[in-house]
Structure formats: C-alpha cells, structure tokens
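Presented below is the structure to which this report refers.
Convention: sequence-line order gives letters A, B, ...; per-chain numbering from 1. The basis for the numbers below is simple: all heavy atoms, side chains too, and nothing from hydrogens, waters or symmetry mates.
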Amino acid sequence: MPAVSKGDGMRGLAVFISDIRNCKSKEAEIKRINKELANIRSKFKGDKALDGYSKKKYVCKLLFIFLLGHDIDFGHMEAVNLLSSNKYTEKQIGYLFISVLVNSNSELIRLINNAIKNDLSSRNPTFMCLALHCIANVGSREMAEAFASEIPRILVAGDTMDSVKQSAALCLLRLYKTSPDLVLMGEWTSRVVHLLNDQHMGVVTAAISLITCLSQKNPDEFKTCVSLAVSRLSRIVSSASTDLQDYTYYFVPAPWLSCKLLRLLQCYPPPEDGAVKGRLVECLETILNKAQEPPKSKKVQHSNAKNAILFEAISLIIHYDSEPNLLVRACNQLGQFLQHRETNLRYLALESMCTLASSEFSHEAVKTHIETVINALKTERDVSVRQRAADLLYAMCDRSNAKQIVAEMLSYLETADYSIREEMVLKVAILAEKYAVDYSWYVDTILNLIRIAGDYVSEEVWYRVIQIVINRDDVQGYAAKTVFEALQAPACHENMVKVGGYILGEFGNLIAGDPRSSPLVQFNLLHSKFHLCSVPTRALLLSAYIKFINLFPETKATIQEVLRCDSQIRNSDVELQQRAVEYLKLSSIASTDVLATVLEEMPPFPERESSILAKLKKKKGPGAVSVPDLEDGKREGGELNGGGERGPDSAAMSASNASTPSPSADLLGMRSAAPMSAAPTSAGSLLVDVFSEAGPAAPSAAVNDDGFLRFVCKNNGVLFENQLLQIGIKSEYRQNLGRMYLFYGNKTSVQFASFTTTVSCPGELQSHILSILRLNVQTKPVEPVVEGGAQIQQVLNIECLTDFSEAPLLNIKFRYGGALQNLSLKLPVTINKFFQPTEMTSHDFFQRWKQLSQPQQEAQKIFKANHSMDTEVLKAKLLGLGTALLDDVDPNPENYVCAGVIQTKGQQVGCLLRLEPNGQAQMYRLTLRCSKDSVSLRLCELLAQQF
Amino acid sequence: MIGGLFIYNHKGEVLISRVYRDDIGGPLNGVMILLDAFRVNVIHARQQVRSPVTNIARTSFLHVKRSNIWLAAATKQNVNATMVFEFLYKMCDVMAAYFGKISEENVKNNFVLIYELLDEILDFGYPQNSETGALKTFITQQGIKSQTKEEQSQITSQVTGQIGWRREGIKYRRNELFLDVLESVNLLMSPQGQVLSAHVSGRVVMKSYLSGMPECKFGMNDKIVIDKQGKGGGSEDVAKSGKQSIAIDDCTFHQCVRLSKFDTERSISFIPPDGDYELMRYRTTKDIILPFRVIPLVREVGRTRLEVKVVIKSNFKSSLLAQKIEVRIPTPLTTSGVQLICMKGKAKYKASENAIVWKVKRMAGMKESQISAEIELLPTNDKKKWARPPISMNFEVPFAPSGLKVRYLKVFEPKLNYSDHDVIKWVRYIGRSGIYETRC
C-alpha cells in the first residue's frame, strides 16, 4: 500500500485532537466540539468548493467527533465525494467514514454502491481491497444484494491478485453470515474448494474460513475439501520450521492455518478413504509428538501457537472418537497440562478432558487423573478453572468412584463460590442418585447437601429424595431416623424442614418405637420449626400433622389443639386456613377407618426421567450434558423409582381432587382440596410442575396403546395426554369385579362441546357379545360440555365373565374450537387385573407346578431386558401384576416365583409364574403355567413387554 | 449519619478523604474501591449523572459540585438527605470563608486545615457546630498559638454553651450593621407572554459589628404580620400596607433566631453572630415583579435560513438601573453562519455554546431594546426538527422582585450603653435572575 506521505499529516486534525485531550472537563470538551462543528459547517456551506485535502481533513474530524459519542448529521455527501478521488488516503478516509457512519437506509446508498462498483471494476488492487473491506464492514443486506454475485467472480478469477483474493474471500464470508440466502455458491463451489491448493498461504487461510462456514451449511457440496485439507495439513505439519518463511510464527509453521484446517476437518466424519485417513492419523500423531519435544523458544508466543494446534488436534480426535490409541495419548497429554504452571492451559486441559471422559475409549484413562482434578477443585485460585474441574469430576464419575467424588464435591461445596453452588448441588444430587449402591448412603448425601447448601437446593432435588424414599420400602425407616436427627439441629434449612415434614408424616411410625423419637417428640420437633417457615412449608407441615393423627392416635388431642388455635384456623393465608379447618373437621368427624383410608401412605411415584437431570439440562443448555450420561440417568432413575409402575400419578390424582372430592383424596398432594377450585394454588402447582411432563402428542383417532402397556402392572396414572386433553385413570379390582374412574381434564381455556365417550369391545369381545360376553363393561354417560381448565369424571364398572385377551376400546369425540376431535384409546383392562394373590410354600408350589404339566398349559418366552434388571424394580413389578411373590421357593435365589388365581365370573384360573433373569446376557426366561391354556399365552405376551 | 466525606478533583483523583464510620467500604482497601466506584459511576460516567444522590454497592453518595471540585458524602444508612446536603453546602461556605474560592489549588494548599475542620464539624458522622465565626476562634490558619487557660475555657464554654455562635466580650468602636436582601427570580414564559411558572427565592444576609450581646429584632412587610397589626392599628395603616405586603410561602432561619417567638408572635428576634451570616431564606410565588419581558420572533425562511428578532422590555421604575444584562438565544445545530444587528450593547455568535449571546451593560427602567439575527443553516438529510430551546436571560436589578421591604431592624443592648440610634445600619436590595426563560 502506498505509504502516507508527510504532507498528508493533517495538522488541523492533530491540533483538534490534542485540544480535546487537553480539555479539563467534559463541558470544555463539548464546547470545543461545538466550535469545531460550527467551523466545519461553515466550510461545508454550499457556496465554496473545497479541495480534496480539506475535505478529507474535515471528514476525519467529523469521524473523530462521532467516535467520541456525538451525533453527526452532516458531511455524508462530502465523504461520498471522497470515494471518487484518485488519492489512496482520500479514498481510504471516505470508505472509513462510510463504513462507520452510513446506515443502510440512507438515500446515499445508491451513490456509495456506484462508487464501490467502480472501484471493484478498476484494475487497481489497492482500490479493490478498499472497496471489499467497505462491503465487509458495512455487511448489510443491501450490500449483499448489490455485490453478492460480483465477489465470487473476483475470488476465483485467474488474474486477481493474491491480496485481493484474500479480501474477497473474507468479504464473501461476511456477506454469507449476514444474508446466507443471497450468496449462492453453486457453480463456484469446486473452484473455491481448490483455493486450498493455492500457492499463497494467505489466500488459503482466508479461503478456509469461508469454506468452513459454507461446509457447515452444506457439508455434502464441500466434501472434497477433506482430502485437500488433509494433504495441506500434512505438508505443513511435516515441514521444517523454516520452510514457510513468512508464515512461520515463533518456530511454529503456519499455526493459524493449521488450526483452521483442523477445525474444518471437525465438520466432517473421519475420512473413509484409508490412505487419507492414514495420512491424517499420521499428522495427528506428529502433532502429539511435537508436543513432547522440548520447546524451541522460551517465548510465550511459541508455546501458545504450539498448544493452539495441539488443542485443536485433540478436539478433532475427540470428534472422531474412533482411534483408541490417539484418544489415550491425548488424554495423557492433557494430564500433563493439568499440572502446568499456566492457568489457561489447566483450564483448557480440564475442558477437553470433560469431552474425553464421555468417550468409551478414554474414560478409564481420564479416571486416572482423579486425584489431580480433586486437587484442582480445592486449590485453584481461578473460579472458572474450579468450575471446569467440577464439570470434569461430574463427567468422569461412575460406579467405582462415585462415593469418593461425591464426598469431595460435598466437602468442596462448603467453600464453593456462590456462582457455581447451585450447579454443584444439582450435580451432587444427580451423581448420588445415579450411582447409589445403597440407599442410606443416598439419603445421607442428600440430607448433607441440604444442610450444607440449603439455599441452593432447588425444589427438584428435595422432591426427588422424597420420591425415592417413598418408592423404596427398605430405606424408609432409615430416612425417617436420619431426618429426625437432622431436624434436631437448632437451625436447619427450610428445605430440611420440608423433607422432614414429609418423611415423618409418612414414615414417622417406623421410628416411633424408640422413646427418644416418640410420636409426641416428633411432633414437637416439627412444630418448633413451624413458625420460622414460609407459607408453602407450613401448608406441608399441616398435612404432616394430620397424617400424624392417623399414625399416632395419641397425638390427636395435641394436634387438634394446634389446628384449633387462631393463628391456624384464622390465618390470613387462605391455603393455611383452609387446611387447618378441613383437617380439624376431618380429624374430629371421621372414624379411624375413614381416616386411615384418607390418610393412607402415599403410593409410589411413577417412573420418569429424573427431574433434577432435566433441570441441569435446562440450566446448561443442550449438549452440555453428554448423551450417554442422559441415557444412563434415565435408566438409573427408573431403577431407583422401583415399583413406580404401580403408583398413581400425583398430578392426575390431585387434579381429580380439584373437581371431585373423593374420600381417598390425596391430602399430601399439596393441592388445595377445595371442591370446584380448578385453578391450582401456588403450593399445588409446585408438585404438579415436577411430575407433569409433556405427554406425547398422539395423533387423533388412531388407536393409541403406548399408554396401555404401562398399565399392566399399575392401576393408576395418566393414560393419555396431548395439548388439549389429559386422561387420568384410577382403578380398583376385587375378585372378578372392577371399577375404573376416568378423569378427562381440559387443558385449554376453551370449552369442549358435545363431549361423548363410548366404550366398545372389539374383536372377539364384540363378536361374543350376545352369546359369550367375556367382559362386561358398563359406562355411565358424561356431561356433554367440558369447560376450559375443568375436569370431568366418568365411572366404568367392569365385570370379568371369562378370560379374554383383547382390551376394550375407549372412543372420545368432542368439538374444540369448531374442529371435531376423535380419539381412540385402549383401556388398560387386562386379564391380570383380576388376580388374587395366593401364598404357598415351596412344597405346595412345586406340587402344583408339576400338576400343570400339559404342554398347552405352559407358555415360555426368552427375551432381552428392556429395562434395568434391578431386583427391587422387578419385585415391585411382579407385585404390581397382582400375584403373590413367593420367597424361598426356588432353589436359585436369583429367580422369582409368583402365584395367583384369576377370578372370572364363571371360573377360577390358577397361575404359577417363574422368571429367571440372566444378568450377564441381560436376558430373561419367563415361564407360566395356568390351568387354562389361553390364559398362559395371554399373560406371557403381556409380561414379556414389561421387563 | 455520614459515613465518610471525600473531595475529588475533576479527574476523579481524591484530594481529601475522611472516613467517620467503618460501615462504608469495609475491611482492607474497601474504601479505596468505593472511592473509585464513585469516580467511575459519577465523575467519569458515560452519561452525565444529573441526580445528586447515587447509590453504588449499597452505599449512597450525595454530592455537590463547586467549579471543578466534587464534594461527596458517603453513607450506608438511610440518612436525611436534605440534612446531608445542608451540611455539604455549609461545608462549602466554611471553606470559602477560610480560603476563598474552592479550587483544586486551594484545597491542596489547605489540606491540613480542611482535615482539621472536618474533625470539628462532623463527629462520628453527625454534624456539629459549623458556624464560621465560632470556628475561626479556635481553628486558625496561623501557627499554633498557645492559648491561655482562660481562653481555652472560654472557647469550651462558648462551643458547649447555649449561644454557641457568639462569644462574649466583643467590643467595637463603631457599631455597624449591614443587611442585604438577595433575591433570585425564576421564570418560564410562553412565546405569547403567558407566565407558566415564576418564583423568587431570597436570602437575607447580614454582617454585624456590634459590641456585647445585643438583642436584635427584624421586621419586614410579611402579610401575616401586617394583617395582625392592621387589626389593632389604624385603618390608614391597613390602606397603606395592604398592597405592599407580601406572602411568604416558606422560610428558614439561622439557628440564632428564636423560633418560639416567631411561632407565637411572628417576630424575628435574635442575638446575632459576629461577622457574616445568613439570617433567613424564603420563597415567594405570588405578585412577583418581573423585571424584564422578552418577546421573541422566529421565522424560518426556506430550509437554509432562519430570522430571529428578540425584543427586551424593562419593567420597573425608570429611575433604577439594571446591570449585567445578558440574553442568550440558542441557535440550531446546523448553523453555518450568523449575521447580527443590535441596537444596544454587544452581540456575538458563540459556536462553542450553540447560542447568540447579547450583552448590555446597563439599562434603565421602562425602556426597550432589540436584536435581530439572520442565521444560515446547512441542509442535512436528517428530517429532525429543531427543538427550539427557550431564550434565557441574566441580569441584576437594585430592588427585590418579590416586593419584600425591610421595615425595621432594632438593636437592644441593655448592658452596654449604646442604643438603637447609635448603630449605623446599611440596607441593600439586589435582585438577580435565576432561571429566567422565555420559550420561542
């Protein structure tokens, strides 16, 4: 570029700037600027012609004033005039002013575009570059419209100078980013890709940025660039440090180009061509080797450049995730960096290791660094590095080191920075749940968590611990004891009180035997915290109290006294007052039997994705938690939920309470038990939020049976849900009779008109409807209108006449906003619902087993496990089936043996079941023997999909 | 309770820093961080901070600015903001009384004195005696003068006594008394001459050189007092004073005034401090005499020309002379040239302030004068219309625009043998312009 000659110094500008700098105060500065503006205005007045130099000088001053933060509303015309000058400096200032100051809707844009066009078509490379820079700097849509077709031509033309090519590539990239629809590559694609072979390194560097961006949008069109990039990379990597002269940076050959090449390769899967792949692996190995070599210079720039390439190479290796050898080497290399002096390197190493930990090849290698990482968590001075260390610990955690990692994280939590505490808490909660081998450890960990960082424990965490405690019989006593102890601390966090209230209300009886935790002591302990808590917690505690009345009749008088006192029964908060009044009445009116039914222990929660994990995902955004983690979490979450399949869905239950006060009202569901109050209270919505997840939007009128299978082993829950409608089911069976409550909830705010439901028995059921009715289903009609947000109930009476295999169909029709909606669902009525469990000894069992030895009577199936093979889960499912689970029958303790009798109107069918899991192969063998052969077959079919 | 008091120069450098309470800043270099926070957020703020109260990091900064010097009081508590500002103004007065103009140079030269003053007038953040006269008796700029026991006990008894603002045993050969009524008149007028808002804020400033402990009584044409007396006095008196009495909206007094007496009798009686002091401050909004009337005429001729004509009319007795008259006519931001013709005084286009400034040295009452200007504009592609800021005016007139008149100022000194007649009294009225604007 032409050097700026001395005469172009623009003394006036220098004086002006130094005046401004010397101003003592802001006011003085504004005065000086106003004066200068007035001066420029008088110069720009139409009646005199200015020479190029003065024009340039004044435009410069205006630009400077604008950059100081003042509005400029004149001088644009003068700047545009400068564009047509032949002097470089004048043209440059003109372009500068325009790229800084001219907004896209200016009427001058046509003049500017014209000037740019002239410059682009001139043969002067400097002018072309200036014009290209201006286009890129403005980068508006108008610019793209005007020049998007022009620039690719310049880019690939044979006679274009290298420097212009560079600018053109970057300019095109910018336009592509602002308006991708206007930049059509098509015909230029192959020629652009071949720029990778260009002699000039600068052109390659510029072009590769463009190609990377383009190939992210259309990977297929640019596929050819992979081999070119690999060969280019290998040429650079293998070159001696002096080969590339201008492009060697502190003894590292072309570091920027190498990084960009590696990044381009990350857009594509590993090359299929063996030769190319070999060459690439060789390159990566060379890079890893070079990292081991002693540095050629002590300068920080040298190591920075080298490490930049190395980290980019490692991310490529992680991206490919197919070369165990390279992955382990990368991991070792990162391990070295973990103890490096440079904080930045430690940070990057931790970050890369996080992704390495999720690869199956390097997970073990990463785990070897656990001590260093824990140390980093404790001693790092920079919070961002500690954050990465925490992330890595989370990523490298598995069953073998969970206890150690969770303990470390817990101890770190006490001193952790506020900014990362919430995330740490979530992580600890997830790890504790995911890798819990023994549930008392899990309960301990979470309670510790609440104790240490109560403020950061979100609702999901404590909901989760309650879900798990409820679903796991064996841990309930322990949990009650631990919670009781934890509550004895003089100051405990409100979340602890919540957990305590819930668990003692449910399982306080399990520790009531101990005089130190007698019912009254428990109650007094809880009540001592009552006044320090917020309204939702108090509401929960009130529910716990009423549960106490049920569990321990001896506390009734005390609790009634508490409920009766003015601060409860006349509380200004509606929720608390209502609870107090209702509970007081309930406790005084209802007989103990009714009380026991109403205040029954909470049923287990249904299986679903851990809500904590969902929260962490939401917090970190998609992609932050690696995929294997998620699946893992899901599976393990299910495992912990145990016999979740049986339990009613709390959301559906409490929703039903809102409109129909049924005697079995789920009082602990934290929903206002007020009849007809459909709007959820704030307290109520908490639980509903956690438990509700958007159900799959089922296509209308197609028979939907994915809900059906979930109900084989459970009686209550949500059968179906879409954007409009939610259908909840609650059913009970006795002998050969059953009653099913269907709850239709309108999720919209608009009413459903002409709402009708019909139950039909398809196939064999229908054909035999007159002669041999197998299943008698009686429905009571529902109201034809469902108001927005409301819920209606329908009762079905079912009688099993004989054994059957097809399920009845429920057909729902209604009008929503004029459109007719049609929905068919399989009702979850299966033969096993009519089971009566039969207990028997080992001797009896085998005797009967042998009696049912005819081949038709036996049905056997060997199948692969769909769910986890956890003992507890299996037990819970088998119990949910309705049979009795017999212990000490089978000589092999791994196997499960059940017995039951199916009651139909006409006959009774005895059933024996044997389930043999094979943990190693993840297979089951299921054997059923029934006194009626069709029953065996049907049961076998149903059950095979459950495990 | 003020937590700390800081003085900055325009660059945001701290010249004086005095911390009274530990709650501001906290441990280590917390105060330094706080000091810097004020610099960044107020002095060097990107957008000019207009509020005198700024809350930074749960600390409130209340600041005033004198030329290039910033005085800031910092507090963590919910203080009475007006108290703090009153104190800051008082602080400025005290400093001005000690070393004249408050400038960076003066503050730097007197920093020992300022710290000494700060120790005296604020104690644990609570304002103490800030009476210049009293302070000057024991905080002096001369070297340490070893005071006798007698003097020391005298100072103590005075500072802690009931009349903290005056020491005993003052003697003058000539008993003299100067009284200035200083008023500033504020106005906003519509182009058609309609008064949109107007008020006068005034001060009665005195300088007294009186012997002994004299008892003074001050009387003015306050409507309530006059009406009261009117009831008891003759009808002639009512007729005479009825027109001339003024309604005072609110007023505040120097601490020496006996408020109980004012409340019961509406009489202002006091034992004056020695030297300069401000006896009272007041505000009136009714029946204000507007000394000048501004009549603007603005005509836009095409896109590139603007014709402005401004007439000023003086509206007071023709025997009186107004001084230091200055009319400021704002010009559009696209002005590229100005031609001016004025009948009287000098006019100039000041580009740095985007205004035409017309100065007239003197002008008698009941006169009028005019200026006409032709302004050339640079056409721009921006369609923004010029906002036409109001024309403002400055002047000084030798009467009180509120109509306040001093009726009497009596001095009684029973112990010494001089009477009210022996005291030489000087009274002066000065009316100045505050924000005196006319829209155009």
Open item on the list: Parallel, tilted or perpendicular, judged at 30° and 60°: which one describes the rings of B:F395 and B:Y436?
Closed with: perpendicular

- [ ] With a 4.5 angstrom heavy-atom cut-off, could you sort out which part of A:E27 is near chain B: side chain, backbone, both or neither?
- [x] side chain

Task: Parallel, tilted or perpendicular, as decided by the 30° and 60° cut-offs, for the rings of B:H63 and B:F38 - done: perpendicular

Task: Portion of A:K26 that has a non-hydrogen atom of chain B nearer than 4.5 angstrom - done: side chain

TODO: Apply side-chain contact (heavy atoms from CB on, under 4.5 Å) to A:L67 and list each qualifying residue two or more places apart in sequence or on a separate chain.
DONE: A:V100

- [ ] Against chain A, work out which of B:N9, B:N354, B:T304, B:T335 has the most heavy-atom pairs shorter than 4.5 Å and name it.
- [x] B:T335

- [ ] Examine whether an atom of A:I30 lies under 4.5 Å from a heavy atom of chain B, and if so say whether it belongs to the side chain, the backbone or both; otherwise answer neither.
- [x] backbone

Open item on the list: For a quick test of reading the model, state the closest non-hydrogen atom pair linking B:G337 to A:K45 and the distance between them.
Closed with: CA-NZ, 4.3 Å

